[in-house]
Amino acid sequence: MRPQLASLFLCVLSTIYGSLAAVYNGIESLPGIEFDFVVVGGGTAGNVIANRLTEHHSWNVLVIESGPTNEGVEDSIIPFYSPGLQKTRYDWNFTTTPQQALNGRILDYPRGHLLGGTSSINSMFYTRGSSADFDRYAQVTRDPGWSWNNLQPYIRKNERWTAPADHHNTTGEFTPSAHGFGGINAVSLSGWPQATGPRIIQTTVDLGDEFPYNQDPNSGNPLGVGWLQSTIDGGRRSSSATSYLAPKFMKRPNLHVLLNTRVTRILRTGKGGPPAFRTVEFAQNATGPRRRVTATKEVILSGGTFGTPQILLSSGIGDAAELKAVGVEPTFHLPDVGKNLSDQPILGSSWFVNSNDTIDNITSNATLAAALLQQWQANETGPLVVTGASHIVNSRLPDDSPIFRRYPDPSPGGNTPHFEMIIVNGGLGGLPGHFIGIATVVSTPISRGNLTLGSANPFDKPLIDPGLLGSPFELFTMREAVKSATRFLSAPAWADYVVGRAGGLQNATTDEELDEYVRTGVAVGAHPVGTAAMSAKGAGYGVVDPDLRVKGVKGLRVVDASVMPFVPCGHTQAPVYIIAERAADMIKASWDAEV
Ligand SMILES: Cc1cc2nc3c(=O)[nH]c(=O)nc-3n(C[C@H](O)[C@H](O)[C@H](O)COP(=O)(O)OP(=O)(O)OC[C@H]3O[C@@H](n4cnc5c(N)ncnc54)[C@H](O)[C@@H]3O)c2cc1C
Ligand SMILES: *[C@@H]1O[C@H](CO)[C@@H](O)[C@H](O)[C@H]1NC(C)=O
Ligand SMILES: *[C@@H]1O[C@H](CO)[C@@H](O)[C@H](O)[C@H]1NC(C)=O
Ligand SMILES: *[C@@H]1O[C@H](CO)[C@@H](O)[C@H](O)[C@H]1NC(C)=O
Ligand SMILES: *[C@@H]1O[C@H](CO)[C@@H](O)[C@H](O)[C@H]1NC(C)=O
Ligand SMILES: *[C@@H]1O[C@H](CO)[C@@H](O)[C@H](O)[C@H]1NC(C)=O
Ligand SMILES: *[C@@H]1O[C@H](CO)[C@@H](O)[C@H](O)[C@H]1NC(C)=O
Ligand SMILES: *[C@@H]1O[C@H](CO)[C@@H](O)[C@H](O)[C@H]1NC(C)=O
Ligand SMILES: *[C@@H]1O[C@H](CO)[C@@H](O)[C@H](O)[C@H]1NC(C)=O
Ligand SMILES: *[C@@H]1O[C@H](CO)[C@@H](O)[C@H](O)[C@H]1NC(C)=O
Ligand SMILES: *[C@@H]1O[C@H](CO)[C@@H](O)[C@H](O)[C@H]1NC(C)=O
């Protein structure tokens, strides 16, 4: 079928399907085999691309998502329940390879496996990172468009600041001028107050030199203690599925979403010239039939930091020798696919407290939990509208820290934290009792790992080695972060509240004991990036150009967390949204220009 005929055919069909709902649960019902754009992965970034490209009425867009719908998934809707999504059908259930620096431990590596991707299972923290994070992206890609200042319009296209569920007076808890009120994805301050809030704020007075109050950590300058901002809309999670694929957008006849379908490979189309990859192969399961669709314009890979490199490698795009070794026929030699994986280590610590007003009372008391669920169902209020975390503390190591005699400062600028503390009104160790929890995160890791294929079967899990704590810098910084958390809780504000250390921290006082506590307790921060990293055009390394086109090939772009060459100093979803908003504009510009 000629392209014009194909799109006419699609228009007719999509009008019929579109008026019903452009969601297909299986490959049999798919309307046609050609689309202008095929988006691989209906996750955080993919749904932004799908939404923005279908603003162009004549562009047909197909999203292919491996997981099921997000609709009606209670654990994805009710913020407090989000941990319940892990190790279910809504999780890819990845694990790491044995981690050398963690006494050989194998760690769970959660990733969302439903529409919305990881934005449908994450903890909803909204943190943009520092201005220097983005300025470094601009610098290493030699594209000023990635700088903090130049990305401001995209931050605002994404963000829709909203009132918290409890409609409390938020004056002084954020800086309105730093936010977007007309975007798509909801962001709000906490809709339920934790009893620890006043003591946390008092600590910024008691110990203001080390822990200054920061009215808005999303201003570009995240250092200090700030109120948590979350992608929560009233009492519900706001994911890329609930926002960018909201019913008003799903009504578009040119937007098609295919669920429960795994993309296995991208196939080369045409002959001669730079290779083009515009045909997408997929199947519903390992033994089911493989089908194909072709993008007349572009395939956008948005499978995430693990999905995207796995698809590229399975398609033969990667290090040719390494691919041959696992039985994949190389199609394009691009050695850095899957390399340079970077993530932040995280560690949960708990202290016993002299109170029952903690979220431990919910997790340990089924009667209370049932009553709170009833309240949420009645009017979407109460303790279940939040996660239990209430504040973020961002800190730098001192400039004269001995570690800087061995390692250059890995942070991109003086406004960027080396570590983060997340304060939770409850325990982080699964122990019985009442606690305050502090999760410490190394925000600026040095070590790099990789993702490789274990076999040529796209349904097999890839081998994921984040190289966690691979550099002594990370161990040092995590140890200092735990000490910092201990100092935070030594403020007078906590004198009649914190009773003592809990769990493994009880036995960890010397540096050696703390190091062992870190090694046995660290988990993945779940912020992996870098496996399809951007680099400057013509650079001798990297996977995509600054416009996110895969280097050396045609028809293929990557838009997701994998393109970030460095992990930003916070949680990664807001940066993914920002990158996706700009990417959508770049895609539009490149095709409008060719019309
Ligand atoms: C438990 C957890 C908590 C987190 N908490 C926070 C937080 O509080 N704040 C924050 O900012 N960040 C958080 N993050 C990280 C953040 O959510 C992610 O960085 C971000 O959502 C990643 O977006 P993405 O578009 O790169 O990938 P994803 O959102 O994961 O999208 C990838 C999509 O592609 C699909 N896919 C993959 N492979 C295929 C294939 N072969 N065929 C078809 N479909 C495929 C996947 O199913 C998925 O839907 C958290 C992550 C986890 C796991
Ligand atoms: C993840 O593991 C759970 C529990 O074993 C399982 O039910 C689920 O199907 C798995 N997820 C996927 C995507 O296979
Ligand atoms: C909210 O609090 C601020 C400062 O405390 C106060 O000036 C303002 O009037 C309050 N707003 C409302 C609507 O109560
Ligand atoms: C695999 O998918 C096909 C549809 O493509 C379906 O008919 C078949 O039942 C599935 N097999 C399994 C084991 O789920
Ligand atoms: C990893 O990233 C660094 C810094 O951006 C770069 O210099 C290096 O070449 C990259 N290595 C690979 C294998 O991509
Ligand atoms: C917490 O609850 C227990 C059991 O109801 C009670 O004995 C204890 O006094 C309470 N503690 C505080 C600090 O309120
Ligand atoms: C349980 O903890 C929540 C969250 O701190 C608090 O709002 C609630 O009052 C507590 N309930 C009881 C019965 O202690
Ligand atoms: C559990 O919660 C219920 C309802 O709030 C409360 O009446 C009861 O005392 C709680 N039980 C314990 C052991 O705290
Ligand atoms: C919500 O419901 C709870 C319990 O059902 C009730 O106590 C509360 O007042 C209601 N809140 C609002 C804002 O309606
Ligand atoms: C992946 O990383 C591991 C450990 O960091 C290293 O041993 C291995 O050689 C790397 N593999 C590739 C293909 O780069
Ligand atoms: C702390 O050390 C003591 C003595 O070695 C041991 O009995 C206890 O189990 C340890 N506690 C924890 C939480 O590891």
Side-chain angles (χ1 to χ4, degrees), residues 44-45 127-151 154-155 220-223 304-306 308-309 336-346 394 396-397 403-404 407-420 441-451 464-471 473-474 477-478 524-537 539-546 548 551 558-580 582-583:
T44 314
T127 64
R128 299 172 184 163
S130 71
S131 59
D133 282 320
F134 293 92
D135 292 344
R136 176 163 61 179
Y137 293 165
Q139 190 203 330
V140 302
T141 62
R142 284 191 238 116
D143 175 358
W146 290 118
S147 72
W148 171 259
N149 282 343
N150 288 334
L151 286 170
Y154 299 110
I155 293 178
N221 295 308
L223 294 173
T305 296
F306 304 148
T308 287
D336 290 351
V337 174
K339 309 292 164 58
N340 257 350
L341 172 60
S342 176
D343 201 350
Q344 298 163 326
I346 188 169
N394 284 308
R396 279 179 69 79
L397 295 168
I403 197 73
F404 294 132
Y407 298 92
D409 179 356
S411 75
N415 68 356
T416 306
H418 296 113
F419 63 90
E420 173 188 328
V441 181
V442 178
S443 312
T444 53
I446 292 180
S447 65
R448 299 277 177 161
N450 54 52
L451 175 146
I464 302 171
D465 180 1
L468 225 55
L469 299 188
S471 157
F473 173 83
E474 284 127 32
T477 305
M478 186 60 94
V524 291
H527 299 149
V529 303
T531 51
M534 297 192 263
S535 66
K537 245 190 158 71
Y541 73 97
V543 175
V544 298
D545 279 337
L548 308 186
K551 287 177 185 289
V558 176
V559 183
D560 59 29
S562 67
V563 304
M564 293 184 219
F566 297 89
V567 67
C569 70
H571 306 241
T572 34
Q573 72 167 337
V576 169
Y577 280 125
I578 296 164
I579 287 169
R582 177 167 187 238

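All figures in this text were calculated on a predicted structure; none of them were measured in a lab. These values consider heavy atoms only, across backbone and side chains, with no hydrogens, waters or symmetry-generated copies.
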Please report the shortest heavy-atom distance between [X] and [Y], naming the atom on each side.
X	Y	value
Val567	Pro445	CG1-CD, 3.6 Å
Pro417	Ser443	O-CB, 3.6 Å
Leu341	Asp465	CD2-O, 3.7 Å
Ala132	Pro412	O-CB, 3.6 Å
Asp336	Gly542	OD2-N, 2.7 Å
Ala532	Thr308	CB-CG2, 4.4 Å

[Y] backbone acceptor or donor facing [X] side chain under 3.5 Å:
X	Y	answer
Asp343	Ala526	yes
Ser471	Ile446	no
Ser342	Phe566	no
Ser447	Gly467	yes
Asn340	Thr531	no

Are the side chains of [Y] and [X] in contact, using a 4.5 Å heavy-atom criterion?
X	Y	value
Lys339	Tyr541	no
Leu397	Phe473	yes
Ile464	Leu451	yes
Met564	Tyr137	yes
Gln344	Val442	no

Find the distance between [atom1] ([X]) and [atom2] ([Y]) and round it off to the nearest 0.5 Å.
X	Y	atom1	atom2	result
Ser562	Met534	OG	CE	10.0 Å
Thr444	Glu474	OG1	CD	8.0 Å
Ser130	Asp135	OG	CG	8.0 Å
Asn394	Thr127	CG	OG1	8.0 Å

Knowing that exactly one of Lys537, Arg582, Arg136 qualifies, which makes a salt bridge (charged side-chain N to carboxylate O under 4.0 Å, His left out) with Asp143?
-> Arg582
Please step through side-chain contact (heavy atoms from CB on, under 4.5 Å) for the pair Val140 and Trp146, ending with a clear verdict.
-> CA-CA 10 Å; Val140 302; Trp146 290 118; over 6 Å; no
Looking at Asp409 and Arg396, does any basic side-chain N land under 4.0 Å from a carboxylate oxygen?
->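 Salt bridge between Asp409 and Arg396, a charged N being under 4.0 Å from a carboxylate O: yes.
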Just do the side-chain contact (heavy atoms from CB on, under 4.5 Å) check on Ile155 and Phe134 with the steps written out, would you?
-> CA-CA 12 Å; Ile155 293 178; Phe134 293 92; over 6 Å; no
Distance-only side-chain donor-acceptor flag, Asn415 / Ser131, under 3.5 Å | yes
Going by the angle between their ring planes, with limits at 30° and 60°, are His418 and Phe404 parallel, tilted or perpendicular?
->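 Ring orientation of His418 relative to Phe404: tilted.
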